[in-house]
Number of protein chains: 2
Amino acid sequence: MDIRTLCLGILTMGDATGYEIKKTFEERLDLIFQASYGSIYPALNKLTEEGLVSCRAQSQEKRPDKKIYSITSAGRYLFFDEIMKKPAADRFRSEYLATLMFAHLLPAAAISELIDERIADRLQKIESLMSDCDTRQTDREQFLCNYGRTMYQAEIEYLQENRHLLEADALLGSRAAE
Amino acid sequence: MDIRTLCLGILTMGDATGYEIKKTFEERLDLIFQASYGSIYPALNKLTEEGLVSCRAQSQEKRPDKKIYSITSAGRYLFFDEIMKKPAADRFRSEYLATLMFAHLLPAAAISELIDERIADRLQKIESLMSDCDTRQTDREQFLCNYGRTMYQAEIEYLQENRHLLEADALLGSRAAE
DNA sequence: TGCTATTATATCGATTTGATATATTGTCCG
DNA sequence: CGGACAATATATCAAATCGATATAATAGCA
């Protein structure tokens, strides 16, 4: 499942412009799938060429034309086929954790600060998900929203209980440097 | 922090060939950062050009030459600068969860199967981390290893407790289709 | 009046993935 | 003994994707 396919999926929920599709990624899928204009617009062009979506232009008086995309029945069939396939493995990349793997090269204060900031960030994310969750209509969106909260909460607890492993390491390092 | 920088980081732990760097990514960083040959070899070439690593070729009798890379002092300084920077946000992409966001289009049996398989996969990952954890030398690697176990465990529990949200949705769908 | 946010399009270089190619050695299984 | 496969080692390439940037009008706020 690539971004092209997911654009198709978003269009099963109703017609939309490229801009609106981007907003949907940000507001409803940000936890699990990100997409930039640089991938969305080319995706929509390709889908149009292939007859999987259709596009009607709505001219606006003083703004650039809106291009409103609709999924075709061929598009619906293809999307259905795609979600029946076994999904590829998650891709996760964390500069934050990669940095911590070199904690022995960092001053002790920097490590503590990194962890404090991470916890604060996670708390803030949980809070913003809390308010979001209530406004979610479908059970699926509730499910995703609570999934995010659960994972962030687990991370916070892990950091609080295990930060000493990294911080002790750093103390040794700075003592050795004396 | 890009793959180029992380190659530099791996070389702070000792000289290595491109092949060995790839193995390090797989064996010690797979949970948080993946890299393919297609990014590692070009990264090493660029680092060499820039004088951040040096390269000596070790000719072998019947195999292709080994190119052994060492970090230079300029490289060490640069890497230190890099890890002192604020790390960029995590990037996470899950085709699995994206598929679940369209659970209403799937047959009920397919949803249950997806969830069962995910739980089995996570259990298996935990098990393989368990045996790995013991062989980890540094506290930092123990920290990462247990981080992975904790997150996978939290996911399993969440799925077990909340799968009904998606499965109930599907039942409604199939009843409506009757 | 000027600043920023929102709506809307789109492109482009740089990064990265995933597949593929090449070549030799070692190991396992029947 | 032969065949298949895994491991060691290099490298490239098309395709996907990111992140930044450009353009342009309106709305709202200070």
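These numbers come from the heavy atoms of this one structure, side chains and all, not from hydrogens, waters or symmetry mates. Sequence lines set the chain letters: A, B, ... in the order given, protein chains first and strands last, and positions in each chain run from 1.
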Electrostatic pair [X]-[Y], nearest N-O below 4.0 angstrom:
X      : Y      : value
A/E117 : A/R122 : no
A/D30  : A/K125 : no
A/R76  : A/D81  : no
B/D2   : A/R93  : no
B/K85  : B/E82  : yes

Phosphate oxygens OP1/OP2 of D/dA15: is one of them under 4.0 Å from a side-chain N or O of A/R4? no
D/dA11, OP1 or OP2 - any side-chain N/O from B/K67 closer than 4.0 Å? yes
From the options [options], select the nucleotide whose nearest atom is closest to the side chain of [X].
X     : options                : answer
B/E20 : D/dC18, D/dA9, C/dA8   : D/dA9
B/S39 : C/dT6, C/dT16, D/dT17  : C/dT16
B/K66 : C/dT7, D/dA9, D/dG19   : D/dA9
B/Q34 : C/dT17, D/dA11, C/dA10 : C/dT17
A/I3  : D/dC18, D/dA9, C/dT16  : D/dC18
B/S36 : C/dT9, C/dT17, D/dG19  : C/dT17
A/Y41 : C/dT16, D/dA16, C/dT9  : C/dT9
A/Y37 : D/dA11, C/dT16, C/dT11 : C/dT11

[X] [atom1] to [N] [atom2], straight-line distance once rounded to whole Å:
X     : N      : atom1 : atom2 : answer
A/L44 : C/dT11 : CG    : P     : 12 Å
A/R56 : C/dT9  : CZ    : P     : 13 Å
B/I40 : C/dG18 : CD1   : C1'   : 13 Å
B/K22 : D/dA7  : NZ    : P     : 12 Å
A/R93 : C/dT15 : CZ    : C1'   : 8 Å
B/N45 : D/dC13 : CG    : P     : 13 Å
B/I68 : D/dT8  : CD1   : P     : 15 Å

In terms of ring plane angle, is the pair B/F25 and B/F33 parallel, tilted or perpendicular, where the classes change at 30° and 60°?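 Tilted: the ring planes of B/F25 and B/F33 meet at 30° to 60°.
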Students often mix this up, so state it plainly: with edges at 30° and 60°, are the rings of A/Y158 and B/F143 parallel, tilted or perpendicular? tilted
Work out how much the helix from C/dT1-D/dA30 to C/dG30-D/dC1 bends between its end axes, five pairs an end, to the nearest 10 degrees.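 One end axis against the other gives 40°.
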Answer whether the closest heavy-atom distance between the side chains of B/R140 and A/L100 falls below 4.5 Å. no
Remember a base hit wins even if backbone is also touched, and classify A/T17 as base, sugar-phosphate or nothing at under 4.0 Å, heavy atoms. sugar-phosphate
Select base, sugar-phosphate, or nothing to describe what B/K23 touches, counting heavy atoms under 4.0 Å on all strands. sugar-phosphate
Taking for each residue the nucleotide of DNA chain D with the nearest heavy atom, is it A/F33 or B/G38 whose nucleotide lies nearer the 5' end? B/G38
Taking the nucleotide of DNA chain D with the closest heavy atom to each, which residue, B/R91 or B/P42, is nearer the 5' end?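 On the 5' side of the pair lies B/P42.
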